[in-house]
Amino acid sequence: MLDWYDTHKRSMPWRETDDPYRIWVSEIMLQQTRVDTVRDYYHRFLEAFPTVEALADADRDTVLKHWEGLGFYARARHLHTAAQHVVDEHDGTVPSTMDAIKDLKGVGPYTAAAVLSIAYRKPHAVLDGNVTRVLSRVFAVDEDATTSAAEGHLRDLANELLDPDRPGDFNQAMMELGALVCTPRTPHCDRCPLNAVCRAHDAGTEEDYPITPESEPVPHEDIAVGLVFDDNDRLLIQRRPDEGLLGGLWEFPGGKQEGDESMEAACRREVREELGVGMTDVEPFYTLSHAYSHFKITLHAFRGRLADGPPEAREDQPFRWVTVDELDDYAFPRANRRLIEELVRRQTEPSLFD
DNA sequence: GACACGTGGGG
DNA sequence: TCCCCAAGTGT
């Protein structure tokens with residue numbers, strides 16, 4: 001594995017440093033996220049927050065703005081909190097022991113082992129999706145890989161195989177193999193350094209592993225959203241609660257359609273429920289579909305003007321009046337960004353159909 | 001143990 | 001077009 005890795009490893013920015021902080025940031029960004037997606041975020045994030053102290057001192061809104069579009073935003077909130085913990089409790093040094101690093105928000109078994117092995121050369125094997133897939137195939141693990149029992153078995157295997165002299169490289173070799181060769185579909189066994197010892201390959205059953213339960217169908221919701229303008233053509237935006245879906249991001253007010261109400265009625269109701277104001281001159285603006293991690297939505301956006309007011313903020317959900325240009329200063333979810341793109345498009349290139 | 005939690009690429 | 005799923009963690 002180490003020979004294969006030395007020959008085939010890809011160039012990655014976080015492989016050019018031994019700074020534990022940078023390695024930690026990269027591992028948080030890489031959770032459930034592809035390497036090619038992370039690259040640009042990694043550079044911009046570390047330019048803005050070059051040290052753990054800089055991150056600890058930053059505003060939460062600023063941190064989220066640099067995470068905008070990357071998803072799983074609890075990662076950014078937890079990383080921010082953990083940076084403050086490292087500064088306050090560890091003198092600004094990323095912990096180098098398992099007990100201490102596991103105390104950091106957002107650092108679980110995978111990230112702890114990854115940072116300790118890569119940044120501090122400690123002998124801890126990682127068990128991520130790649131390693132799970134590689135080991136499940138090599139050893140033809142015939143149990144549900146999502147159970148804690150199987151996870152224990154796979155972790156034991158990984159730790160047995162770990163090279164104690166180069167634990168970080170061994171871990172990255174396993175993940176790199178999973179990403180480039182031992183892929184979920186149509187693995188490239190002809191190019192695999194393990195093909196001679198792989199039980200699944202021997203049986204021709206590579207794609208049967210890892211064994212996972214069938215996925216449930218994902219639910220769908222219809223969401224109404226209001227683009228509420230004031231008399232100065234500023235827009236009403238609102239910050240989402242700190243926890244939960246898209247926590248801490250800004251958005252246009254709105255919510256789920258209820259019962260048999262029309263989408264426009266849902267829009268008016270939600271704007272009144274969330275901000276205590278009504279809308280006039282309401283007209284359909286744009287409709288789009290979007291998929292979150294565990295459900296899908298159709299977003300029905302309406303444009304209108306403030307009918308009464310002023311708005312009143314809910315607890316933990318402040319609002320702002322902003323111009324279209326100022327929207328770029330705030331972190332929005334992707335679906336809202338698509339609405340903003342449409343606003344700008346109609347501003348810039350007025351269509352015959354407007 | 002089960003479920004919440006984003007987004008974009010690839011088949 | 002739709003589904004899978006990716007360097008997982010928190011509750």
Side-chain angles (χ1 to χ4, degrees), chain A residues 9-10 12-15 23-42 64 67-79 81-82 101-119 124-134 144-151 155 158 168-180 182-187 207 210 212-220 240-249 251 289-297 331-338:
Chain A
K9 69 176 175 184
R10 291 169 289 179
M12 297 183 193
W14 44 90
R15 289 181 176 161
I23 292 166
W24 173 31
V25 168
S26 77
E27 291 300 342
I28 299 297
M29 287 188 169
L30 286 163
Q31 290 171 6
Q32 299 286 285
T33 310
R34 285 180 169 74
V35 165
D36 285 338
T37 303
V38 167
R39 291 181 194 276
D40 289 346
Y41 282 93
Y42 176 83
L64 283 173
W67 209 271
E68 180 184 18
L70 196 53
F72 282 144
Y73 298 97
R75 293 184 293 173
R77 304 194 302 269
H78 291 151
L79 181 59
T81 302
I101 202 167
K102 284 284 290 295
D103 279 344
L104 300 179
K105 278 288 184 191
V107 176
Y110 165 77
T111 306
V115 174
L116 291 182
S117 65
I118 296 170
H124 300 278
V126 299
L127 187 62
D128 75 325
N130 290 304
V131 178
T132 296
R133 187 169 57 256
V134 171
D144 181 345
T146 65
T147 64
S148 57
E151 190 182 316
R155 192 179 305 283
D169 284 344
F170 177 83
N171 282 331
Q172 295 186 81
M174 293 289 284
M175 295 190 282
E176 197 83 329
L177 188 74
L180 298 180
C182 194
T183 48
R185 286 173 301 275
T186 60
E207 294 204 54
T212 58
E214 292 206 12
S215 55
E216 301 290 324
V218 295
H220 175 273
R240 293 179 63 88
D242 293 337
E243 304 294 322
L245 184 72
L246 308 169
L249 272 65
E251 67 176 4
S289 295
H290 187 78
Y292 293 109
S293 49
H294 54 300
F295 66 102
K296 300 176 182 179
I297 64 165
F332 282 88
R334 196 57 105 200
N336 274 248
R337 271 285 155 216
R338 290 176 61 187

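No hydrogens, no waters, no symmetry mates; every other heavy atom, side chains included, goes into these values. Numbered from 1 within each chain, the chains take letters A, B, ... in sequence-line order.
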*Classify the nucleic acid contact of A/Leu70 as base, sugar-phosphate or nothing, counting any heavy atom under 4.0 Å across all strands shown.*
base
*asked:* So, using ring-ring contact (aromatic ring centres under 6.0 Å, His included) as the criterion, who are the partners of A/Tyr41 when residues are at least two apart?
replied: none
_Opening and closing nucleotides of DNA chain C in contact with chain A, under 4.0 Å to non-hydrogen atoms_ = C/dC3 to C/dT11
*asked:* Please report the distance, rounded to the nearest Å, between CG in A/Leu249 and C1' in B/dC5.
replied: 13 Å
*Taking the side chain as C-beta and beyond, is there a heavy-atom pair between A/Val131 and A/Asp128 under 4.5 Å?*
yes
*asked:* Suppose we screen for side-chain hydrogen bond (donor to acceptor under 3.5 Å, both in side chains). Which residues come up paired with A/Arg34, at least two apart in sequence or across chains?
replied: none
*Phosphate oxygens OP1/OP2 of B/dA4: is one of them under 4.0 Å from a side-chain N or O of A/His294?*
no
*Excluding sequence neighbours, so at least two apart, what forms side-chain hydrogen bond (donor to acceptor under 3.5 Å, both in side chains) with A/Arg77?*
none
*Under the side-chain contact (heavy atoms from CB on, under 4.5 Å) rule, what do A/Leu79 and A/Met29 come out as? Steps first, then yes or no, please.*
CA-CA 10 Å; A/Leu79 181 59; A/Met29 287 188 169; over 6 Å; no
*Contact class for A/Gly247 vs. all strands (heavy atom < 4.0 Å): base, sugar-phosphate, or nothing?*
nothing
*asked:* If I pick the P atom on C/dA7 and the same atom on B/dC3, what distance separates them, to the nearest angstrom?
replied: 24 Å
_A/Asn336 backbone acceptor or donor facing A/Glu251 side chain under 3.5 Å_ = no
_Residues forming a side-chain contact (heavy atoms from CB on, under 4.5 Å) with A/Thr146, sequence neighbours excluded_ = A/Asp144, A/Thr212, A/Pro213
*Over all heavy atoms of both residues, which pair between A/Ala113 and A/Ala125 is shortest? Give the atoms and the distance, please.*
CB-O, 3.5 Å
*asked:* Base, sugar-phosphate or nothing for A/Arg133? Non-hydrogen atoms, less than 4.0 Å.
replied: sugar-phosphate
*Grab the CG-P distance between A/Asp242 and B/dC5 for me, whole Å please.*
14 Å
_Test log, rule side-chain contact (heavy atoms from CB on, under 4.5 Å), inputs A/Gln172 and A/Met12_ = CA-CA 11 Å; A/Gln172 295 186 81; A/Met12 297 183 193; 5.9 Å; no
*Within the structure shown, what part of the strands sits under 4.0 Å from A/Val126 by heavy-atom distance: base, sugar-phosphate, or nothing?*
nothing
_Using every non-hydrogen atom in the two residues, find where A/Lys105 and A/Ala82 come nearest and quote the distance to one decimal._
O-CB, 3.8 Å
*ring-ring contact (aromatic ring centres under 6.0 Å, His included) against A/His124, all qualifying residues, sequence neighbours excluded*: none
*Under the ring-ring contact (aromatic ring centres under 6.0 Å, His included) test, residues paired with A/Phe170 that sit two or more places apart*: none
*Residue-phosphate contact under 4.0 Å: A/Arg185 side-chain N/O, B/dG10 OP1/OP2*: no
*Please work out if A/Lys102 contacts a base, only the sugar-phosphate, or nothing of the nucleic acid, heavy-atom cut-off 4.0 Å.*
nothing
*asked:* Strictly below 4.0 Å: does A/Tyr73 bring a side-chain N or O up to OP1 or OP2 of B/dT7?
replied: yes
*If you measure from the P atom in B/dG6 to the same atom in C/dT11, how many Å do you get, rounded?*
14 Å
*Do you know the tightest heavy-atom contact between A/Arg133 and A/Pro184?*
NE-N, 3.5 Å
*Mapping A/Glu176 and A/Lys105 to their closest nucleotides on DNA chain C, which lands nearer the 5' end?*
A/Glu176
_Please classify the nucleic acid contact of A/Trp14 as base, sugar-phosphate, or nothing, using heavy-atom distances under 4.0 Å._
base
_d(CZ, A/Phe72; C1', B/dG8) in whole Å_ = 12 Å
*Name all residues meeting the salt bridge (charged side-chain N to carboxylate O under 4.0 Å, His left out) criterion together with A/Arg337; count only those two or more places apart in sequence or in a different chain, and write none if there are none.*
A/Glu68, A/Asp328
*Which part of the nucleic acid, if any, lies within reach of A/Met174 when heavy atoms closer than 4.0 Å are counted: base, sugar-phosphate only, or nothing?*
nothing
*Which part of the nucleic acid, if any, lies within reach of A/Arg15 when heavy atoms closer than 4.0 Å are counted: base, sugar-phosphate only, or nothing?*
base
*Just checking A/Ser215: base, sugar-phosphate only, or nothing, at a heavy-atom cut-off of under 4.0 Å?*
sugar-phosphate
*What residues form a salt bridge (charged side-chain N to carboxylate O under 4.0 Å, His left out) with A/Arg338, not counting sequence neighbours?*
none
*Nearest-Å distance, CZ (A/Arg39) to P (B/dG8)?*
18 Å
Protein and nucleotides 1-3 of chain B: nitrogen or oxygen contacts under 3.5 angstrom:
{"unit_1": "B/dG1", "atom_1": "OP2", "unit_2": "A/Ser148", "atom_2": "OG", "d": "2.7"}

*asked:* For A/Ala112 and A/Pro184, find the nucleotide of DNA chain C closest to each by heavy atoms; which residue's nucleotide sits nearer the 5' end?
replied: A/Pro184
*To the nearest Å, give me how far apart CD1 (A/Ile28) and P (B/dC5) are.*
19 Å
*asked:* Over 60° means perpendicular and under 30° means parallel, so tell me whether A/Tyr292 and A/Phe295 are parallel, tilted or perpendicular.
replied: tilted
*Secondary structure string for DNA chain B (Watson-Crick or G-U under 3.5 angstrom, | for other-strand pairs)*: .||||.|||||
*Using a 4.0 Å heavy-atom cut-off across all strands, classify A/Gly69 as base, sugar-phosphate, or nothing.*
sugar-phosphate
_Residues touching DNA chain B, which here means a heavy atom under 4.0 Å, drawn from residues 29-37 of chain A_ = A/Gln32, A/Thr33, A/Arg34
